[in-house]
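These notes concern the structure reproduced below.
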Amino acid sequence: MDNPLKDIISADPNIMGGKPIITGTRITVERIWEIYLSEPTIQAVLEAYPNLNEAQILAAIQYAKDNKNSNKLHSI
């Protein structure tokens with residue numbers, strides 16, 4: 001099964017300790033999730049990271065929801 005998030009979310013042990021990030025950045029999915037939990041709007045995340053787009057934020061939120069009970073959110 002193909003993973004539709006693979007081009008947006010990536011993890012590399014040499015970047016941010018292997019935490020899942022928005023590909024091409026050092027912004028972790030975990031950080032986006034934390035912002036979203038404190039103020040559950042896409043706009044809140046966009047204000048914190050204006051260089052991201054809505055698709056990236058939605059992908060990070062979906063990844064976090066899918067993996068919040070596993071180690072995948074915190075490291076590879």
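Residues passing the side chain to side chain donor-acceptor pair (under 3.5 Å) test with E54: none are found, sequence neighbours excluded. Listed by chain and number, the residues in a side chain to side chain contact (heavy atoms under 4.5 Å, CB included) with L46 are I42, Q43, I57 (sequence neighbours excluded). Remark: A48 pairs with I35 by the side chain to side chain contact (heavy atoms under 4.5 Å, CB included) rule, at least two apart or across chains. Among residues two or more places apart in sequence or in another chain, the side chain to side chain contact (heavy atoms under 4.5 Å, CB included) test is passed with N51 by I27, Y49. Annotation: salt bridge (Lys or Arg N to Asp or Glu O under 4.0 Å) contacts of E47 (sequence neighbours excluded): none.
To the nearest 0.5 Å, atom CG of residue N67 and atom CD of residue E30 are 12.0 Å apart. Atoms OG1 and CD, on T28 and E34 in that order, are 6.5 Å from each other to the nearest 0.5 Å. Atom NZ of K68 is separated from atom CG of L37 by 8.0 Å, given to the nearest 0.5 angstrom. One distance of note links CD of Q56 with CD1 of I21; it measures 11.0 Å at 0.5 Å rounding. Within the model, atoms CH2 of W33 and CD of Q62 stand 9.0 Å from one another, a figure rounded to the nearest 0.5 Å.
Considering every non-hydrogen atom in both P20 and I9, the closest pair reads CB-CG2, 4.0 Å. Of all non-hydrogen atoms in T23 and S10, the two that sit nearest each other are OG1-OG, 3.0 Å. Heavy atoms only, all atoms of each residue included: A11 and G18 are closest at CB-O, 3.5 Å. Of all the heavy atoms in A59 and I8, the pair that sits closest is CB-CG2, 3.6 Å.
Taking 4.5 Å as the limit, every side-chain heavy atom of K19 sits out of range of all side-chain heavy atoms of V29.
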